[in-house]
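Notes to accompany the following structure.
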Amino acid sequence: MSLTEEQIQRYSRNIILEQVGGAGQEKLLSSRVLIVGLGGLGSPAALYLAAAGVGTIGLLDGDVVDLTNLQRQVIHHTKDVGKRKVASARSKIRAVNPDAAVRSHDVWARADSIREIIREYDFVIDATDNFPAKFLINDACYFEGIPFSHAGILQFEGQLMTVIPGKTACYRCVFAGPPPGNAGAPCGQAGVLGVLSGVIGSLQATEAIKCLLGIGELLTGSLLTYSALTMDFRKVPAKRRADCALCGQDPTITSLVDEGKVTCNRKGCKR
Amino acid sequence: MTAKLDLRGVPCPLNLVKVKLAIEKVAVGDILEIEIDDGEPIQNLPVSLGRQGQEILETTEQQGYFCLKVRRRL
């Protein structure tokens, strides 16, 4: 593969970086990233990965665009309300960069199908908004050996961690399982500062690019927390647990299970 | 081995991008000869290349442009 004249210009600010160069850019163009969830986190992640020249971007979301999404889900525009999220996101990605091939998966993340989907990718971005999906992605990426970026946001707080399955702490090493009942109130009830998703989703895209290029140090082995109110970024150490139910020495989770349904039925939520 | 690259008429910073791409294609220790314009390019390019760890062996002024010999170090 060699870069066209147009690509040299388009990606010049990447290529000029010592850690990227022409070889790195070609690597990005031949890389495949799956974004699960095209909401607040997935929007900036998808746009930046497309702009950076990631050659294949997978989009997985079974939702439609709702008016209440637009305050933070910047890949969707007012005219897209009512459209499938994958279709809306696809058109913006293609508009940003025709080099990015988009593969649409207009489905919810489910135990019976997610492994077949994620094994087609080099990196996964967990941009979902609920605990069952987050554990499902963690487990699926572990079984398939695909590195991924976990993130979550609520109100003014965000958190982020990158997982290299089998090598670094997984989501279950940090949190054993979903919180009981309604402990995890969806953002429709708790609220979320829109720009928070831009900060954290962009950090996820950064991790994806670093991982694909093999540069720098990934956010593994610690959970980064961010408070928009105090502007504090904290790294909380997260070690692999020998007794982790998934990646520990004596695992009890040996296949994928759906951790339960998302119960919120407010407008703009899942179901 | 010496490779050549004519970057006359190519503005900053695109000329640096092109040099970077060309340098990636020559072996470490080999020489790349580039032709660049007077003005911004001759002021910026040698400095940028030096900063990136490459070695400028020779700069010669031609009629209205410059010829730069760069050895790939990294």
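Values reported hereafter were calculated over all heavy atoms of this structure, with side chains retained and with hydrogens, waters and symmetry mates removed. The chains referred to below are lettered A, B, ... by the order of the sequence lines, with proteins before strands, and numbering in each begins at 1.
Annotation: A/E217, atom CD; neighbour count of heavy atoms from other residues, nucleotides and ligands within 6.0 Å does not exceed 12. For B/E40, the CD atom counts as loosely surrounded, since its 6.0 Å shell holds 12 or fewer non-hydrogen atoms of other residues, nucleotides or ligands. The neighbour count for A/R119 CZ, taken as heavy atoms of other residues, nucleotides or ligands under 6.0 Å away, is above 12. Shown here is A/Y142, whose OH atom has more than 12 heavy atoms of other residues, nucleotides or ligands within 6.0 Å. Annotation for A/E6: atom CD does not count as buried by contact number, only 12 or fewer foreign heavy atoms lying within 6.0 Å.
Residue-level contacts of residues 5-31 of chain B with chain A, in order of numbering, are B/P13, B/L14, B/L16, B/V17, B/K18, B/K20, B/L21, B/E24; threshold 4.5 Å between heavy atoms.
Residues satisfying the side chain to side chain donor-acceptor pair (under 3.5 Å) criterion with A/D80, sequence neighbours excluded, are A/K83, A/S88, A/K92.
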